[in-house]
Undergrad: 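This is the structure I want to talk about, given as structure tokens.
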Amino acid sequence: MKFFVTTPIYYVNNHPHIGSAYSTLAADTLARFHRQIGDQVLFLTGTDEHGAKIAEAAAKVKQSPQTFVDTIADDYRSLWNKLDISYDRFIRTTEKVHVEVVRDFLNRLKRAGYVYPGQYSGLYCRGCESFKRNDELIDGKCPDHGTVPETVTEDTYFFKLSIFKDRLIKIIANDQLAIKPEVRKNEVLSFLENNDLEDLSISRQSVGWGIPLPWDESHTIYVWVDALINYYTAGKKTGFWPPTQQILAKDILRFHAVIWPAMLLAINEELPKNLFVHGYITSEGKKMSKSIGNVVFPEEVAKKYSVDGLRYYLFNAFTFGEDGDFSDRLLNQTYNAALSNELGNLVQRVIVMVDKYYDGLVPAPSSAHNAALVTEIWQKWQQSLSSYNINVAFESTWQLVKLANQRIDETRPWGLVKEDQEQLKNVLYELLETLRHLSLMLTPLLPDAAGRIRRSLNLEPVYQQTDKEHFRSIQWGELRSNTRVSLSPEVLFPRHQ
């Protein structure tokens, strides 16, 4: 099967923050899972580089817009590399192939009869780079940026968005375009059912930094139209169209659930299959803001707690799809309790005992203890990731971690050395085989830890494999006896004070 997963493309008026990393790490987890079960994967991320805000930000630092976006795009690529993001395609809206696709896409909209010239007057928020209705404002201000939108009147070209209202309601209601969680689906349906859709202004005469309209180069294409088409540029060119899973934050839901599918319907293209919408990340209970000084930068967190520490926290501190609060205190507690004490100590204790009692060789067992239970955990793990419930996949994996620690406490292997050598072999083999299963479950969740566990068991990394190979690898008892295990010179998750 083909699996095409996308993040939003990130607007380059500033450096990447924890919210950008959250979306991207979620997509990375799903991409790794689908590679592991043998799917062909296209994982797309990138940067959104046009618009008035970019030109203004570049002017402030006395750079050309292109030089400015080159620098910030490199920042994103550098960060994704530091976070070990396994993307297949990093797209930039300034690249030639995307510009050509966008202009062709707009020509198709026009030829199909869905574009017409006119004049638009409305309330425009420069922060959002979008027009606002009065009922979207709070005390006359944009709720996201706290600024009063300016009244803008200019010649433009319109896309006939209004005529797609009934079709959009139908395709969202019947999950032809599935929106999760359910509350976000209901939010979009309520908006469509209770409001008249207005035709969309798709060009600007006042914005010079953008893609020129193909039939009227005195206009540039509205930055959101340009940005949404990035998915089409990447997916259509590679044969992966349509997207299987698009991951986005709730603030850009209407762009993806209303404007984007309407544009695709207009040119008779297949729609994305799923939109998964996550919430906002606050910092110690407050919205992140440069002026407050509470913006969390993911590279700083990863440097202190490791990339896997960041991943674990983001997908366990709150349910994926809901708002969550980033707290350094809670991160420290979670890291020490789950990663250092439970997982890290488990790996260290098991390998040390095998090294001590069997000279580092996997013992040959005479019976298995928890094979049936492990099969049940695998089913839950696989179902969770197939339905994009990353936090539930972590819960399943940690069920196995806790079972292994419980097994050590119950059997006390150090006492079996003199009391029952045969039972000692069985217990240590069970624990080693549990570590092998954990290395597989952790491959999409905590990839660095998974790789280090596999190296300690003298196992190859998990590469993309066929379904058959994957399901064979999750059977109990595949770890060969007399394989030499090795103690890592580094603790898997060093404890933090």
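Below, all heavy atoms of this structure are taken into account, side chains as well, without hydrogens, waters or symmetry copies.
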Undergrad: Just verifying a value: how many Å separate Glu395 CD and Ile390 CD1, rounded to the nearest 0.5 Å?
TA: 12.5 Å

Undergrad: With sequence neighbours left out, what residues match Val307 under side chain to side chain contact (heavy atoms under 4.5 Å, CB included)?
TA: Leu83, Ala302, Arg311

Undergrad: List in chain and number order the residues that pass side chain to side chain donor-acceptor pair (under 3.5 Å) with Tyr231, two or more places apart in sequence or in another chain; answer none if no residue qualifies.
TA: His256

Undergrad: Taking everything shown except Glu460 itself, do over 12 heavy atoms lie less than 6.0 Å from its CD?
TA: no

Undergrad: Is any side-chain heavy atom of Leu339 closer than 4.5 Å to a side-chain heavy atom of Asp308?
TA: no

Undergrad: Using atom types as modelled, flag every donor-acceptor pair under 3.5 Å from a side chain in residues 166-177 to any protein atom, sequence neighbours excluded.
TA:
unit_1	atom_1	unit_2	atom_2	d
Asn174	OD1	Gln176	N	2.9
Asn174	ND2	Lys170	O	3.3
Asp175	OD1	Lys185	NZ	3.0

Undergrad: Show, in sequence, the C-alpha distance, side-chain angles and deciding distance for Phe320 and Phe276, and conclude whether the ring pair (Phe, Tyr, Trp, His ring centres under 6.0 Å) test is met.
TA: CA-CA 9 Å; Phe320 191 64; Phe276 200 104; 4.9 Å; yes

Undergrad: Just by distance, do the side chain of Tyr11 and the backbone of His50 share a donor-acceptor pair under 3.5 Å?
TA: yes

Undergrad: How about Ile281 and Leu314: do any of their side-chain heavy atoms sit closer than 4.5 Å?
TA: yes

Undergrad: Could you tell me whether Lys303 atom NZ has more than 12 heavy atoms of other residues or ligands within 6.0 Å of it?
TA: no

Undergrad: One thing to verify: whether Glu187 and Arg184 come together as a salt bridge, which I'm taking to mean a side-chain N less than 4.0 angstrom from a carboxylate O.
TA: yes

Undergrad: Centre-to-centre under 6.0 Å for Tyr305 and Tyr313, is that the case here?
TA: no

Undergrad: Might you confirm whether atom NZ of Lys110 has over 12 heavy atoms from other residues, nucleotides or ligands at distances under 6.0 Å?
TA: no

Undergrad: Quick check: do Asp448 and Ser306 have side-chain heavy atoms less than 4.5 Å from each other?
TA: no

Undergrad: Under 4.5 Å between any side-chain heavy atoms of Leu30 and Phe3, yes or no?
TA: yes

Undergrad: Is there a side-chain contact between Leu25 and Leu310, using heavy atoms and a 4.5 Å cut-off?
TA: yes

Undergrad: So with a 6.0 Å cut-off around NZ of Lys273, is the heavy-atom count from everything else above 12?
TA: no

Undergrad: The criterion is side chain to side chain contact (heavy atoms under 4.5 Å, CB included); which residues satisfy it with Ser78, sequence neighbours excluded?
TA: Lys82

Undergrad: Regarding Glu433 and Arg436, does a basic nitrogen lie under 4.0 Å from an acidic carboxylate oxygen?
TA: yes

Undergrad: So does Glu269 pair up with Arg108, basic N to acidic O under 4.0 Å?
TA: yes

Undergrad: Does Phe493 offer a backbone N or O that forms a donor-acceptor pair with the side chain of Ser340 under 3.5 Å?
TA: yes

Undergrad: How would you list, by chain and number, every residue that makes a side chain to side chain contact (heavy atoms under 4.5 Å, CB included) with Glu299, sequence neighbours excluded?
TA: Leu79, Phe297

Undergrad: Minimum heavy-atom separation for Thr93 and Glu49, please, with both atom names.
TA: OG1-N, 2.8 Å

Undergrad: Going through the checks in order, is the side chain to side chain contact (heavy atoms under 4.5 Å, CB included) test met by Asp226 and His98?
TA: CA-CA 9 Å; Asp226 166 8; His98 175 69; 2.8 Å; yes

Undergrad: Considering only heavy atoms from C-beta outward, does the side chain of Phe240 approach that of Asp88 to under 4.5 Å?
TA: no

Undergrad: Does the Lys180 side chain pair with the main chain of Ser387, one donor and one acceptor, at a distance under 3.5 Å?
TA: no

Undergrad: To check you understand the geometry: which heavy-atom pair defines the closest contact between Ser396 and Trp381, and what is its length?
TA: OG-N, 3.8 Å

Undergrad: Answer yes or no: is there a donor N or O on one side and an acceptor on the other, between the side chain of Trp476 and the main chain of Val374, under 3.5 Å?
TA: no

Undergrad: Is it true that Glu95 and Arg89 have a side-chain N and a carboxylate O under 4.0 angstrom from each other?
TA: yes

Undergrad: My understanding is that only residues two or more places apart in sequence, or in another chain, count here; which of them pass side chain to side chain contact (heavy atoms under 4.5 Å, CB included) with Ile163?
TA: Tyr114, Lys160

Undergrad: Do Thr397 and Leu442 have side chains that get closer than 4.5 Å, going by heavy atoms?
TA: yes

Undergrad: Would you tell me whether Thr7 and Tyr87 have side-chain atoms, one donor and one acceptor, within less than 3.5 Å of each other?
TA: no

Undergrad: Say whether, by atom type as modelled, one donor and one acceptor occur between the side chain of Ser473 and the main chain of His470 under 3.5 angstrom.
TA: yes

Undergrad: Does the Asn332 side chain pair with the main chain of Arg329, one donor and one acceptor, at a distance under 3.5 Å?
TA: no

Undergrad: With a 4.5 Å limit on heavy-atom distance, are the side chains of Tyr76 and Phe90 in contact?
TA: yes

Undergrad: Are the side chain of Arg92 and the backbone N or O of Thr47 linked by a donor-acceptor pair below 3.5 Å?
TA: no

